[in-house]
Number of protein chains: 2
Amino acid sequence: MNADKIPDIIISRLPVYLRALQHMADQGMRTTSSQELGEHVGISAAQIRKDISQFGEFGKQGTGYSISYLLDKLREILKVDRLWDVIIVGAGDMGHALARYQGFVNRGFNVAMIFDNDKSKIGQKIGDLTVEDTAEMVEKVKASGIRIAMLTIPATVAQETTDKLVEAGIRAILNYAPINLIVPPDVRVQYIDPATHLQRMTYYCE
Amino acid sequence: MNADKIPDIIISRLPVYLRALQHMADQGMRTTSSQELGEHVGISAAQIRKDISQFGEFGKQGTGYSISYLLDKLREILKVDRLWDVIIVGAGDMGHALARYQGFVNRGFNVAMIFDNDKSKIGQKIGDLTVEDTAEMVEKVKASGIRIAMLTIPATVAQETTDKLVEAGIRAILNYAPINLIVPPDVRVQYIDPATHLQRMTYYCE
DNA sequence: TAGATTGTTAATCGATTAACAATC
DNA sequence: TAGATTGTTAATCGATTAACAATC
């Protein structure tokens, strides 16, 4: 693997390749080319080859890429060749939907805990999980060593909760609250805000 | 307004500025600078000035930007100075969570219909909405003139459903299904896939 | 072998940043 | 006026694309 620093924009495309390759493998395909993969993900063949070649020579001239081999390599690069425990903070509608989502486990994630500060929700069962008290969150997350959180709480309390998550050792946050979070440089945040995503498209609507 | 084609990467930042300005306005602030706004959204002051200046001269040297004026202008540019009807396709957990989400209305969107093909869900009430039969979707969406859809169905049926949406006149799709959609060039798609977003961050986790 | 496709280089294209005159 | 901050230009930086030798 290349020791140089890989641009984040390349890293951001790898999960898309991974997902498409997983889909191809599910369909029984054995090999693919940068051309074919590009058509599936809407990215040029040249860019796919360049992206992949940052990490090694995984293809063969004339025949392309072995899907299962490239899957293994991408999972290894993205570190999803293991199962990451994650927590959910906020047991509202969105927290519930994520807690019940079946799509995490075969993509490398396991929802291990869910927290809320609403007394009426604490103790409630969601599938295998029981809603725990946010007051105990820092302690429990520290003890668990969990590094990844999904935030599904109101924007008003998102920053203070983020500060607690960082204190608890969380290093990656998937933020569903419609607010920009301030975090130390070693903490990553990804934003999911449906209204913001929709507003990116209305510009083009007549 | 500038008649030149504005790069999509600039358009994609405007909703983030809009959200931050709305937050500032809610806090009672009247004016801001590119410097201050930049600190809120994690973008350089120079870039914010350059982005905004694509559309006109909305600031004043020495004093910065009037928040309410810039809000008005950004809403106008993004066309969210009106209320867009949107539909939800798929009344599972995620569809339910979006149907109940309170954050759309003051960002320019109104959930007008929700569809599912599961007989046990059709007729079910979700807030003010009643789940309708996907079989009637094309007809009803055509009649309504609605242009925007949120897709919360399994990946296996996402492409065929997308084809129907396009036929029905939908021009913007917020896709929660973990699959790349193939659409004509005049249709926009935004992707929300929590597993993909998480996989973008595990690369950086130890 | 002939055809296909990779990995990589160089050229192009586009986005970001730094700097500063204009001006509120 | 003095200080602050915009809008814009030019320079820098980075990403994408095109092309092709290498080779399966």
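Naming convention: chains lettered A, B, ... in sequence-line order (proteins, then strands); numbering from 1 in each chain.
Using Watson-Crick or G-U wobble geometry with both donor-acceptor distances under 3.5 Å, dA15(C) finds its partner in dT12(D). Figure legend. dT5(D) is base-paired to dA22(C); pairs are counted as Watson-Crick or G-U wobble with both atom distances under 3.5 Å.
Annotation for G90(A) and I114(A): closest pair O-CD1, 4.2 Å, computed over non-hydrogen atoms.
Residue K60(A) has its side chain nearest to dC24(D) when only dA18(C), dC24(D), dT16(D) are considered. When each of dT8(D), dA22(D), dT17(D) is scored by its nearest atom to the side-chain atoms of K50(B), the top-ranked nucleotide is dT8(D). Considering only side-chain atoms of S53(B), the nucleotide from dG7(D), dT5(D), dA10(D) that sits closest is dG7(D). Distances were taken from every side-chain heavy atom of S34(B) (C-beta onward) to each of dT6(D), dT16(D), dC24(D); the shortest belongs to dT6(D). For R49(A), taking side-chain heavy atoms from C-beta onward, the closest of the listed nucleotides dT5(D), dT6(C), dT17(C) is dT6(C). Of the candidates dT8(D), dT6(C), dA22(C), dT8(D) carries the atom nearest the E57(B) side chain, counting heavy atoms from C-beta on. Side chain of Q61(B), nearest nucleotide from dT6(D), dA18(C), dT17(D): dT6(D).
Between the CD atom of Q35(B) and the P atom of dT6(D) there is a distance of 9 Å, rounded to whole Å. One atom, CG of L37(B), and another, C1' of dT5(D), lie 14 Å apart when rounded to the nearest Å. Rounded to a whole Å, the CD atom of Q47(A) is 13 Å from the C1' atom of dC13(C). Atom-to-atom, CD1 of I67(B) to P of dT5(D) comes out at 13 Å; the value is rounded to the nearest Å. Atoms CZ (F55(A)) and P (dT8(C)) sit 13 Å apart, rounded to a whole Å. In this structure, I10(B) atom CD1 and dT17(C) atom P are separated by 13 Å, rounded to whole Å. Rounded to whole Å, atom C1' of dT6(C) lies 14 Å from atom OH of Y69(A). Across the protein-nucleic acid pair, I48(B) atom CD1 and dT8(D) atom P stand 17 Å apart, rounded to whole Å.
Look at Y65(A) and you won't find any side-chain N or O under 4.0 angstrom from OP1 or OP2 of dA4(C). In this structure, S44(A) reaches the dT17(D) phosphate: one of its side-chain N or O atoms is under 4.0 Å from OP1 or OP2. One finds no side-chain N or O of R13(A) lying less than 4.0 angstrom from the OP1 or OP2 phosphate oxygen of dA15(D).
Atoms CD1 and OG1, on I153(A) and T161(A) in that order, are 3.5 Å from each other to the nearest 0.5 Å. Note that the OG1 atom of T162(A) and the CG atom of L151(A) stand 5.0 Å from one another [nearest 0.5 Å]. Taken from OG in S66(A) to CE in M29(A), the straight-line distance is 11.5 Å, to the nearest 0.5 Å.
In terms of position on DNA chain D, the residue among I9(A) and G62(B) whose nearest nucleotide sits closer to the 5' end is G62(B).
Shown are R171(B), R188(B), R147(B); of these, the salt bridge (charged side-chain N to carboxylate O under 4.0 Å, His left out) with E206(A) is made only by R147(B). The side-chain contact (heavy atoms from CB on, under 4.5 Å) test with L21(B) is passed by exactly one of V41(B), V16(B), L37(B): L37(B).
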